[in-house]
Amino acid sequence: MKLFGHICMSLHRAESSMRWAILWALLGLSVAQHDPHVRQGRTAIVHLFEWRWVDIADECERFLGPNGFGGVQISPPNEHIVLNNPWRPWWQRYQPVSYNLCSRSGNESELSDMITRCNNVGVNIYVDAVINHMCGGAGGEGTHSSCGTWFSASTKNFPSVPYSSWDFNDHKCRTGSGEIENYGDAYQVRDCRLVGLLDLALEKNYVRDKVAEFMNKLIDLGVAGFRVDACKHMWPGDLAAIYGRLHNLSNKWFPDGSRPFVYQEVIDLGGESITSGEYSHLGRVTEFKYGAKLGTVFRKWQGEKLYYTRNWGEGWGFMPTGNAVVFVDNHDNQRGHGAGGASIITFWDSRLYKMAVGYMLAHPYGVTRVMSSFRWNRHIVNGKDQNDWMGPPSHSDGSTKPVPINPDQTCGDGWVCEHRWRQIKNMVIFRNVVNGQPHSNWWDNQGNQVAFGRGDRGFIVFNNDDWDLDVTLNTGMPSGTYCDVISGQKEGDRCTGKQIHVRGDGHADFRISNRDGDPFVAIHAESKL
Ligand code: AAO
């Protein structure tokens, strides 16, 4: 009955998104903004949080291109406020002071060079676009900005856009403080200030034009799309008007008529007045339930078991797969900002993290985004990280440090580079190899040991129980010897880790100790000897 209910609900959702799609098509509006335009069968995006443009360009050429990554989400490229107290927090970049393309990550020519070099090796660039607001109202007045442009937060004057006090929403906000006070009231959430940030009046054509001009400049430089920040705080109609003004992607790298990919940050864990569904006709939406639930499952909290994930995806109340961007953690909730709470798994819990990211990349649901972080001095007091503001590894003058690559391919100087961890990098490749194949051959022990395949192209087995796994399973794969891509990988004609022998009937024996460094095994068509 419950399953029937889930199916009906999913069908209902699928139908309503279909209706939207048809309506939109009739209106002549493109729905292609759901398409990430990844090249050559690539599937995963990596967020290189706070990386410099020159380092991203190098990373595209030396690592992301060769290992099949589909794209990079970059930190906001706009000119932003520069703060001393706290000192150069990472979040200063979410406080624009102009749309000049110079930021903590580099200047416009470095940005443009990065976009070109990444595109040339088949890796897309997606820009984190901060368009809901400018800097905080308490941001002062002066030239404390990333390219030294003068602005005045107190008089809402940003001459280099230009925006003046007429271009902000304060007159519309009905709360005493001018702040969002209650997330249950959709008007407050969209018309008042989010944590003190000056809220742009996106209903004005002038403001829409300025925002679109900024985004079009990036499109013309060759980016493939945008992660749009704080969408919950903007009216869907205003966003539609902005997206409608966007150019097609550059035909230097993308087919004629390609619309920019749009994925919108809307935090919807349920229980508020605004839902992610209000935005899904405009582009994809971040599915925050995904990481929150996956964390709860892998941590075995609230009685969750891995085998309950046999209907992972829409069956768990997530949005339709075609609308979703999913991730285990993001730059906010890995340090207690945003939403998701304590269940979120991050690189700090590396063993669990590799399993959770592996699960996400093996599963067909959604467009997947892998997080790539920097380390900071985490200092948790009563559940709150006192150092949640700390910016990227920096020199004493505040400039961001380069990302040095160690001989073993990991990163140095405080850059975590989760995307370079063998297990995660190999699962990005796995996802490409199984692309388009159905979720198949599910097995579980009614506990925390599960396995599933992707047609005849790949198979993965997890042991998150506190005892060994020792089973024979139908992998659905052609017979042969395969290299496990978690404990090692295929190098030439040998495996550097475990070998899995698939017999003529597709069955293979799996043995995973709960004490293994990584208690999961994955094989795919291209890891066969
Ligand atoms: C900084 C300072 C502030 C200062 C401000 C202005 O920290 O003290 O007032 O500057 O001077 C980032 C940082 C902010 C920073 C800001 C600007 O995270 O700390 O403020 O840059 O520098 C909401 C938004 C969501 C947003 C998230 C952080 O809806 O859009 O807050 N994320 C994006 C970016 C983020 C960035 C901004 C937006 C702003 O990814 O990096 O901020 O550009 C509820 C709501 C959520 C809401 C959260 C947090 O969540 O649903 O919509 O997110 O609250 O306020 C349970 C609930 C869940 C709830 C959650 C937390 O889990 O189920 O729904 O609890 O209460």
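Only heavy atoms go into these numbers, but all of them, side chains included; no hydrogens, no water, no symmetry mates. Counting convention: from 1, in listed order, for ligands and their atoms alike.
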Distance to 0.1 Å, residue and atom name: give those for the protein heavy atom nearest to [atom].
atom: atom 24 (C) of ligand 1; value: His233 NE2, 3.2 Å
atom: atom 62 (O) of ligand 1; value: Leu269 CD1, 3.6 Å
atom: atom 53 (O) of ligand 1; value: Ile267 CD1, 3.4 Å
atom: atom 49 (C) of ligand 1; value: Gly338 O, 3.8 Å
atom: atom 31 (O) of ligand 1; value: Leu194 CD1, 4.3 Å
atom: atom 16 (C) of ligand 1; value: Trp91 CB, 4.1 Å
atom: atom 58 (C) of ligand 1; value: Ala339 CB, 3.7 Å
atom: atom 32 (N) of ligand 1; value: Glu265 OE2, 2.8 Å

Return yes if a side-chain donor-acceptor contact under 3.5 Å exists between [X] and [Y], otherwise no.
X: Arg93; Y: Ser103; value: yes
X: His47; Y: Asn330; value: no
X: Glu418; Y: Ser373; value: yes
X: Glu79; Y: Ser98; value: yes

Sub-3.5 Å N/O-N/O distance, [X] and ligand 1:
X: Val195; result: yes
X: Glu272; result: yes
X: Gln95; result: yes

Does even one non-hydrogen atom of [X] get within less than 4.0 Å of ligand 1?
X: Gly270; value: no
X: Arg93; value: no
X: Ala138; value: no
X: Arg227; value: yes

Subject >> Criterion side-chain contact (heavy atoms from CB on, under 4.5 Å) against Arg259, the qualifying member of Leu246, Ile219, Asp35, Leu249 >> reply: Leu246

Numbering as shown, the atoms of ligand 1 that approach [X] to under 4.0 Å (heavy-atom distance):
X: Trp90; result: 12 (C), 13 (C), 18 (O), 41 (O)
X: Asp332; result: 18 (O), 28 (C), 32 (N), 33 (C), 34 (C), 35 (C), 40 (O), 41 (O)
X: Lys232; result: 45 (C), 46 (C), 51 (O), 52 (O)
X: His133; result: 39 (C), 43 (O)
X: Asp229; result: 33 (C), 34 (C), 37 (C), 38 (C), 39 (C), 40 (O), 43 (O)
X: His337; result: 13 (C), 14 (C), 18 (O), 19 (O)
X: Gly340; result: 62 (O)

Hey, would you say the [X] and [Y] ring centroids sit under 6.0 Å apart?
X: Phe318; Y: Trp312; result: yes
X: His144; Y: Phe151; result: yes
X: Trp316; Y: His363; result: no

Whether [X] side chain and [Y] backbone form a donor-acceptor pair below 3.5 Å:
X: Arg284; Y: His34; value: yes
X: Thr43; Y: Gly70; value: no
X: Ser165; Y: Thr155; value: no

Measure [X] to ligand 1 on non-hydrogen atoms and call it side chain, backbone, both or neither using the 4.0 Å cut-off.
X: His80; value: neither
X: Tyr183; value: side chain
X: Phe288; value: neither

**OP:** Could you tell me which non-hydrogen atom of Ile131 sits nearest to which non-hydrogen atom of Leu200, and how far apart they are?
**Re:** O-CD1, 3.5 Å

**OP:** Report the residue from Trp376, Trp389, Phe49 that forms a ring pair (Phe, Tyr, Trp, His ring centres under 6.0 Å) with Trp90.
**Re:** Phe49

**OP:** May I ask you to decide whether Arg117 forms a salt bridge with Asp58, counting only side-chain N to carboxylate O separations under 4.0 Å?
**Re:**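 Yes, charged N to carboxylate O under 4.0 Å.
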
**OP:** May I ask you to decide whether Asp199 forms a salt bridge with Arg190, counting only side-chain N to carboxylate O separations under 4.0 Å?
**Re:** no

Subject >> Six-ring centre of Phe374, Arg335 cation under 6.0 angstrom, axis tolerance 45° >> reply: yes

Original post:
Is atom 8 (O) of ligand 1 less than 4.0 angstrom from some protein heavy atom?
Top reply: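 Given the 4.0 Å limit, the answer for atom 8 (O) of ligand 1 is no, no protein heavy atom qualifies.
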
**OP:** For atom 65 (O) of ligand 1, state whether the nearest protein heavy atom is under 4.0 Å away.
**Re:**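 It does not: no protein heavy atom is found less than 4.0 Å away from atom 65 (O) of ligand 1.
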
